[in-house]
Participant: 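Below is one structure. I have some questions about it.
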Amino acid sequence: MVVRARRHQHAHLPRRRSGHTTSVTIGAELFCLTANQRDDGSLGEVFIHWGKHGTSAAGLVNSYAVALSLGLQHHVPLGELIRPGLDQFFVPNGHTDDPEIPRVRSAVDYIARRLAIDWLPYAVRAELGVYTLTERVHRASTWITACELAARRSAPPAPRGGWR
């Protein structure tokens, strides 16, 4: 029996592409995340710059960006590519200067969350547990309101009249 290996279709990006760069400070470290799109508007490739060129840290985040880009070029869904990076914990971590993502567990956690917020629809992000700060506040207020209503329904009725 002969089995043929299926060759993956590589999605070539246009020679000139649109995208945007987001800079963020995590702790005291500055990162620049560049995301370029395909002609159809979907995410096509990612570049990440951190620290001095040639350092281990710069090489590691560059390797992560290459892995993400290769996955995207081979049509791996973005949600599947970033899922392993969510909630990874290592330094630098903590506070960021990004108002939508005020705290992260690591640079990889930030990158995964930023890409999700910028490129995935809400339903996919919700499945991954990725929300902006505004969405988290809205979800929390909805939950608190529901709890208050449930507490009112289950509370015994207040006695009528006064003490005699």
Side-chain angles (χ1 to χ4, degrees), residues 3-141 143:
V3 178
R4 291 186 179 186
R6 184 175 168 200
R7 183 169 166 83
H8 293 284
Q9 289 294 326
H10 182 270
H12 291 281
L13 291 169
R15 184 178 180 108
R16 184 176 173 103
R17 27 198 178 272
S18 297
H20 61 271
T21 299
T22 304
S23 61
V24 65
T25 302
I26 303 172
E29 301 289 332
L30 177 65
F31 291 82
C32 291
L33 170 66
T34 300
N36 290 329
Q37 64 186 20
R38 295 186 182 107
D39 284 336
D40 66 1
S42 63
L43 181 60
E45 66 185 352
V46 176
F47 298 95
I48 308 165
H49 298 281
W50 174 33
K52 186 176 176 183
H53 180 72
T55 63
S56 297
L60 287 171
V61 296
N62 184 57
S63 296
Y64 182 55
V66 168
L68 289 171
S69 295
L70 284 172
L72 291 167
Q73 289 170 7
H74 289 281
H75 304 286
V76 178
L78 178 59
E80 295 303 313
L81 289 172
I82 64 170
R83 184 185 311 271
L86 293 170
D87 293 322
Q88 278 196 17
F89 183 73
F90 55 87
V91 293
N93 58 27
H95 292 285
T96 76
D97 59 357
D98 186 333
E100 292 185 313
I101 311 170
R103 290 188 58 81
V104 292
R105 297 177 57 83
S106 66
V108 171
D109 182 40
Y110 176 82
I111 292 161
R113 290 176 189 284
R114 181 79 268 159
L115 290 173
I117 289 168
D118 289 347
W119 297 96
L120 292 176
Y122 178 82
V124 176
R125 288 191 295 113
E127 185 178 302
L128 293 169
V130 176
Y131 303 98
T132 64
L133 180 61
T134 304
E135 292 165 346
R136 286 185 184 279
V137 168
H138 177 72
R139 287 173 47 88
S141 65
W143 179 79

Participant: What distance do L78 atom CG and R83 atom CZ have between them, rounded to the nearest 0.5 Å?
Facilitator: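 It is 11.0 Å, given to the nearest 0.5 Å.
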Participant: Can you give me the closest heavy-atom contact between V46 and A65, atom names plus distance?
Facilitator: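 Distance-wise, the nearest heavy atoms are O-CB, 3.4 Å.
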Participant: Going from NE2 on H75 to OG on S42, what distance comes out if it is rounded to the nearest 0.5 angstrom?
Facilitator: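 Those atoms lie 9.0 Å apart.
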Participant: About how many Å separate CG of L33 and OG1 of T22, when rounded to the nearest 0.5 Å?
Facilitator: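 If I round to the nearest 0.5 Å, the distance is 5.5 Å.
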Participant: Does some side-chain heavy atom of C32 sit less than 4.5 Å from a side-chain heavy atom of I48?
Facilitator: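 I48 does not reach C32 side chain to side chain.
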Participant: Show the atom names and distances, to 0.1 Å, of all donor-acceptor pairs under 3.5 Å that link a side chain in residues 100-109 to residues at least two apart or in another chain.
Facilitator:
{"residue": "E100", "atom": "OE1", "partner": "R114", "partner atom": "NH1", "Å": "3.2"}
{"residue": "E100", "atom": "OE1", "partner": "R114", "partner atom": "NH2", "Å": "2.5"}
{"residue": "R103", "atom": "NH1", "partner": "H95", "partner atom": "NE2", "Å": "3.0"}
{"residue": "R105", "atom": "NE", "partner": "D87", "partner atom": "O", "Å": "3.1"}
{"residue": "S106", "atom": "OG", "partner": "Q88", "partner atom": "O", "Å": "2.8"}
{"residue": "S106", "atom": "OG", "partner": "V108", "partner atom": "N", "Å": "3.4"}
{"residue": "S106", "atom": "OG", "partner": "D109", "partner atom": "N", "Å": "3.1"}
{"residue": "D109", "atom": "OD1", "partner": "D87", "partner atom": "N", "Å": "2.8"}
{"residue": "D109", "atom": "OD1", "partner": "R113", "partner atom": "NE", "Å": "2.8"}
{"residue": "D109", "atom": "OD1", "partner": "R113", "partner atom": "NH2", "Å": "3.4"}
{"residue": "D109", "atom": "OD2", "partner": "R105", "partner atom": "N", "Å": "3.0"}
{"residue": "D109", "atom": "OD2", "partner": "R113", "partner atom": "NE", "Å": "3.4"}

Participant: If we ignore angles and hydrogens, is there a donor and acceptor under 3.5 Å between the side chains of D98 and T96?
Facilitator: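 Note: D98 and T96 side chains miss the donor-acceptor criterion.
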Participant: Answer yes or no: is there a side-chain heavy-atom contact under 4.5 Å between Y131 and H138?
Facilitator: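 Result no, sub-4.5 Å side-chain heavy-atom pair not found.
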Participant: So which atom in L81 and which in L68 form the shortest heavy-atom distance, rounded to 0.1 Å?
Facilitator: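 So the minimum-distance heavy-atom pair works out to CD1-O, 3.6 Å.
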Participant: In the structure I gave you, are the side-chain heavy atoms of L70 and L72 within less than 4.5 Å of one another anywhere?
Facilitator: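 They are not in side-chain contact.
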Participant: Do the rings of H20 and W119 sit parallel, tilted or perpendicular, given the 30° and 60° boundaries?
Facilitator: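 Ring orientation, 0 to 90° scale: parallel.
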Participant: Exactly one of L115, L43, V130, L128 should register a side-chain contact (heavy atoms from CB on, under 4.5 Å) with L120. Which one does?
Facilitator: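 Single side-chain contact (heavy atoms from CB on, under 4.5 Å) partner of L120 among L115, L43, V130, L128: L128.
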Participant: Under the side-chain contact (heavy atoms from CB on, under 4.5 Å) rule, collect the residues that match up with V91, sequence neighbours excluded.
Facilitator: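 For V91 the side-chain contact (heavy atoms from CB on, under 4.5 Å) partners, ignoring immediate neighbours, are N93.
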Participant: Between R38 and E45, is the closest basic N to carboxylate O distance under 4.0 Å?
Facilitator: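 A salt bridge is absent here (no side-chain N lies under 4.0 Å from a carboxylate O).
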Participant: Partners of A57 by side-chain contact (heavy atoms from CB on, under 4.5 Å), sequence neighbours excluded?
Facilitator: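 For A57, the residues satisfying side-chain contact (heavy atoms from CB on, under 4.5 Å) (neighbours in sequence not counted) are W50, T55.
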Participant: Any donor and acceptor pair, going by atom type alone, linking the side chain of E80 with main-chain N or O of P77 inside 3.5 Å?
Facilitator: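 Looks like no, no N/O pair under 3.5 Å.
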Participant: Side chains of F47 and T21: closer than 4.5 Å at any heavy-atom pair?
Facilitator: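 No, every pair of side-chain atoms sits at 4.5 Å or beyond.
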Participant: Can you name the nearest heavy-atom pair linking I82 to A112, along with the distance?
Facilitator: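 Heavy-atom minimum between the residues: CD1-O, 3.4 Å.
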